[in-house]
Amino acid sequence: MTDAVTPARRVVVVATSSRTPAGLLSWPAWEVLRAGSVHALDGHPQLPALAGLRVTTHPDADDAAAVLLADGDALVVWLATDEGPSVVRRVGQALVTHPDPPELEVVRGSWDAPGSRLLDVVAVMDRLRSPGGCPWDERQTHESLAPYLLEEAYELLEAIESGSREHLREELGDVLLQVVFHARLAQDHDAPWSVDDVAGDLVDKLVRRHPHVFAGASADDLEGSWDALKAAEKQRSSVTDGVPLGQPALSLAAKLQRRAGKLGAPVPAYAEAGGPLWQEVARLVGEGLDPEAELRAVARAFRDRLAEVERELVAQGRATASLSAEEWQAALAR
């Protein structure tokens, strides 16, 4: 850039989000776009909405920065998006050394709405599943992904138990990936639906099951109202309907016992090998405890203590495999 170039008297950067649909811009943004000479990078998502305006597109940031300062119009507009900062930096650097710099102003054209990054997740998943994407993702099915769904759910549970906010955030993302992945697979089915259909069904269900929030109903007996609404929706004839039998046996026993408790039905005793476990579950449920969580807590504590003792023994140069049961008992009890 040379000093001989006469810059525009006013350069306005209209900051936009690539996630905003074309045309959904703030009024101040539309005012400057309609009044000035507009510049943008090729493929800007707002270009379809700018028909009739003076718009010059540029292949890269270097070209755009040079043209912006060389444009002699009184008002020059740079329509920025996620790629915009590189252009703005170049223009700003040029203005610092320019003998007669124009005014530089920033106008907020659009914002990311809460949840808008979910659009990025959907776009990336679509790219992975489309031609030229990832071969592994392309050959997956609902059935092949099922084990990963269970694995990610258990890893999320572990993150919750660990108390680590960072771990929880990461594992929530992995569970979200499974939802988006399955929804993208469904688009390729003979009877397709998409993640929008999944979200739409979920919104309808949440509104329908919260009449005390959305329909002015009473908030008394929320649990009973929820159960009644679910029973009506699912046309269930038994309190046991809808209990997934594929869940871990301890959780399954607790769930069935809680459902029986809603009817006031007693928990019977069984003489089979699992009978004592069944009765212990009944005791914990009666005390308002979650048997699965209680057993996991004990198992987690044992895991931590066993690993600690192993490290101590190795540090002492002792072979852990040679210890007797009594020696292990003493070591673990310390």
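The first residue of the sequence shown is numbered 1, and numbering continues consecutively from there. Predicted, not measured: the structure shown is a model, and the values here were computed from it.
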A.B. asks: To the nearest 0.5 Å, what is the distance between CD on Gln187 and CG on Asp126?
C.D. replies: 6.5 Å

A.B. asks: One pair to check against side chain to side chain contact (heavy atoms under 4.5 Å, CB included): Glu166 and Glu170. What are the steps and the verdict?
C.D. replies: CA-CA 6 Å; Glu166 293 75 16; Glu170 178 186 359; over 6 Å; no

A.B. asks: Do the rings of Trp136 and Phe181 sit parallel, tilted or perpendicular, given the 30° and 60° boundaries?
C.D. replies: perpendicular

A.B. asks: Under 4.5 Å between any side-chain heavy atoms of Val281 and Val285, yes or no?
C.D. replies: yes

A.B. asks: What pair of heavy atoms forms the shortest contact from Pro45 to Ala22, and how long is it?
C.D. replies: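 That closest heavy-atom pairing would be O-CB, 3.5 Å.
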
A.B. asks: Quick check: closest heavy atoms across His44 and Ala40, and the distance to 0.1 Å?
C.D. replies: CB-CB, 4.2 Å

A.B. asks: Will you find, in the side chains of Ser251 and Glu292, an N or O donor that is under 3.5 Å from an N or O acceptor?
C.D. replies: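 Ser251 vs Glu292: donor-acceptor pair found between side chains.
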
A.B. asks: Between Asp241 and Ser238, is there a donor-acceptor pair closer than 3.5 Å when you use the side chain of the first and the backbone of the second?
C.D. replies: yes

A.B. asks: Where does the angle between the aromatic ring planes of His58 and His39 fall among parallel (under 30°), tilted (30 to 60°) and perpendicular (over 60°)?
C.D. replies: parallel

A.B. asks: Begin from the C-alpha positions of Glu308 and Arg305 and carry the test salt bridge (Lys or Arg N to Asp or Glu O under 4.0 Å) through to its verdict.
C.D. replies: CA-CA 5 Å; Glu308 181 183 14; Arg305 180 57 183 152; 3.0 Å; yes

A.B. asks: Decide, yes or no, whether a salt bridge links Arg117 with Asp112 under the criterion of side-chain N to carboxylate O below 4.0 Å.
C.D. replies: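 So Arg117 does not pair with Asp112 through a salt bridge.
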
A.B. asks: Measure the shortest side-chain to side-chain distance between Gln46 and Thr20 over non-hydrogen atoms and say whether it is less than 4.5 angstrom.
C.D. replies: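 Yes, close enough: below the 4.5 Å cut-off.
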
A.B. asks: Apply side chain to side chain contact (heavy atoms under 4.5 Å, CB included) to the pair Thr16 and Leu25, showing each step before the final yes or no.
C.D. replies: CA-CA 8 Å; Thr16 66; Leu25 298 174; 3.7 Å; yes

A.B. asks: What class does the angle between the rings of Phe214 and His210 fall in, given that below 30° is parallel, 30 to 60° is tilted and above 60° is perpendicular?
C.D. replies: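 The rings of Phe214 and His210 stand perpendicular, inter-plane angle above 60°.
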
A.B. asks: Examine distances only and state if a side-chain atom of Ser26 and a backbone atom of Arg108 form a donor-acceptor pair shorter than 3.5 Å.
C.D. replies: yes

A.B. asks: Using the rule that Ile, Leu, Val, Met, Phe, Trp and Tyr join whenever any side-chain heavy atoms are under 4.5 Å apart, tell me whether Trp278 and Leu284 fall into a single cluster.
C.D. replies: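 Each belongs to a different hydrophobic cluster.
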
A.B. asks: What distance do Met125 atom CE and Asp120 atom CG have between them, rounded to the nearest 0.5 Å?
C.D. replies: 14.0 Å

A.B. asks: Please give me the minimum heavy-atom distance between Pro59 and Asp42, naming the atom from each residue.
C.D. replies: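 Of all heavy-atom pairs spanning Pro59 and Asp42, the closest is CA-OD2, 3.3 Å.
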
A.B. asks: With salt bridge (Lys or Arg N to Asp or Glu O under 4.0 Å) as the test, would you mind laying out the steps for Arg129 and Glu138 before giving the verdict?
C.D. replies: CA-CA 5 Å; Arg129 279 282 298 181; Glu138 194 277 332; 5.4 Å; no

A.B. asks: Side chain to side chain contact (heavy atoms under 4.5 Å, CB included) for Glu158 and Arg300? Distances and angles first, verdict last.
C.D. replies: CA-CA 10 Å; Glu158 183 178 355; Arg300 202 163 51 247; over 6 Å; no

A.B. asks: Are Val207 and Val213 joined in one hydrophobic group, where the rule is that I, L, V, M, F, W and Y side chains link up if heavy atoms are under 4.5 Å apart?
C.D. replies: yes

A.B. asks: Determine whether Leu118 and Leu176 make a side-chain contact, defined as any pair of heavy atoms from C-beta on separated by less than 4.5 Å.
C.D. replies: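 In short, these two side chains touch, coming nearer than 4.5 Å.
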
A.B. asks: So with a 6.0 Å cut-off around CD of Gln316, is the heavy-atom count from everything else above 12?
C.D. replies: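 Yes - once you tally the heavy atoms of other residues, nucleotides and ligands closer than 6.0 Å, there are more than 12.
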
A.B. asks: Can you tell me how far apart SG (Cys134) and CZ (Arg139) are? Round to the nearest 0.5 Å.
C.D. replies: 7.5 Å

A.B. asks: Does Arg34, at its CZ atom, have more than 12 non-hydrogen atoms belonging to other residues, nucleotides or ligands within less than 6.0 Å?
C.D. replies: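 Open.
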
A.B. asks: Check whether Val77 and Val55 end up in the same hydrophobic cluster, where Ile, Leu, Val, Met, Phe, Trp and Tyr are linked by side-chain heavy atoms less than 4.5 Å apart.
C.D. replies: yes

A.B. asks: Hey, are the side chains of Leu41 and Thr57 touching, using non-hydrogen atoms and a 4.5 Å cut-off?
C.D. replies: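 No, every pair of side-chain atoms sits at 4.5 Å or beyond.
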
A.B. asks: Inspect the contact between Asp137 and Arg184 and indicate whether a charged nitrogen and a carboxylate oxygen are less than 4.0 angstrom apart.
C.D. replies: no

A.B. asks: Given Trp30, which of Val14, Val107, Leu50 fulfils the side-chain contact (heavy atoms from CB on, under 4.5 Å) condition?
C.D. replies: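 Only match with Trp30 under side-chain contact (heavy atoms from CB on, under 4.5 Å): Leu50.
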
A.B. asks: Indicate whether any N or O donor in one side chain lies under 3.5 Å from an N or O acceptor in the other, for Ser162 and Ser164.
C.D. replies: no

A.B. asks: Is the backbone N or O of Ser144 less than 3.5 Å from a side-chain atom of Thr141, with the two atoms forming a donor-acceptor pair by type?
C.D. replies: yes

A.B. asks: Which atom names give the shortest non-hydrogen contact between Val243 and Val239, and what distance separates them?
C.D. replies: CG2-O, 4.4 Å

A.B. asks: As an exercise, state the distance from CD of Glu294 to CG of Leu289, rounded to the nearest 0.5 Å.
C.D. replies: 4.5 Å

A.B. asks: Checking side-chain contact (heavy atoms from CB on, under 4.5 Å) between Leu33 and each of Leu75, Leu53, Val12, which is the one that passes?
C.D. replies: Leu53

A.B. asks: CD of Glu152 to CG of Leu157: how many Å apart, nearest 0.5 Å?
C.D. replies: 13.0 Å

A.B. asks: Show the numbers, then the answer: is there a side chain to side chain contact (heavy atoms under 4.5 Å, CB included) between Glu105 and Val13?
C.D. replies: CA-CA 6 Å; Glu105 179 183 348; Val13 176; over 6 Å; no

A.B. asks: Any link between Phe302 and Leu313 through a network of hydrophobic side chains (Ile, Leu, Val, Met, Phe, Trp, Tyr) touching at under 4.5 Å?
C.D. replies: yes

A.B. asks: Which heavy atom of Arg258 sits nearest to which heavy atom of Pro291, and what is that distance?
C.D. replies: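 Looks like NH2-CD, 3.9 Å.
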
A.B. asks: Please tell me whether Leu185 and Val121 are part of a single hydrophobic cluster in this structure, the criterion being side-chain heavy atoms less than 4.5 Å apart.
C.D. replies: yes

A.B. asks: So which heavy atom on Pro276 is nearest to which on Glu272, and how close?
C.D. replies: CD-O, 3.8 Å

A.B. asks: Roughly how far apart are Tyr154 OH and Glu151 CD, rounded to 0.5 Å?
C.D. replies: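 The OH atom of Tyr154 sits 11.5 Å away from the CD atom of Glu151.
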
A.B. asks: Any side-chain to backbone donor/acceptor pair from Asp201 onto Val198? Under 3.5 Å, distance only.
C.D. replies: no

A.B. asks: Is there side-chain contact between Leu306 and Leu332, with at least one heavy-atom pair below 4.5 Å?
C.D. replies: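 A side-chain contact under 4.5 Å exists here.
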
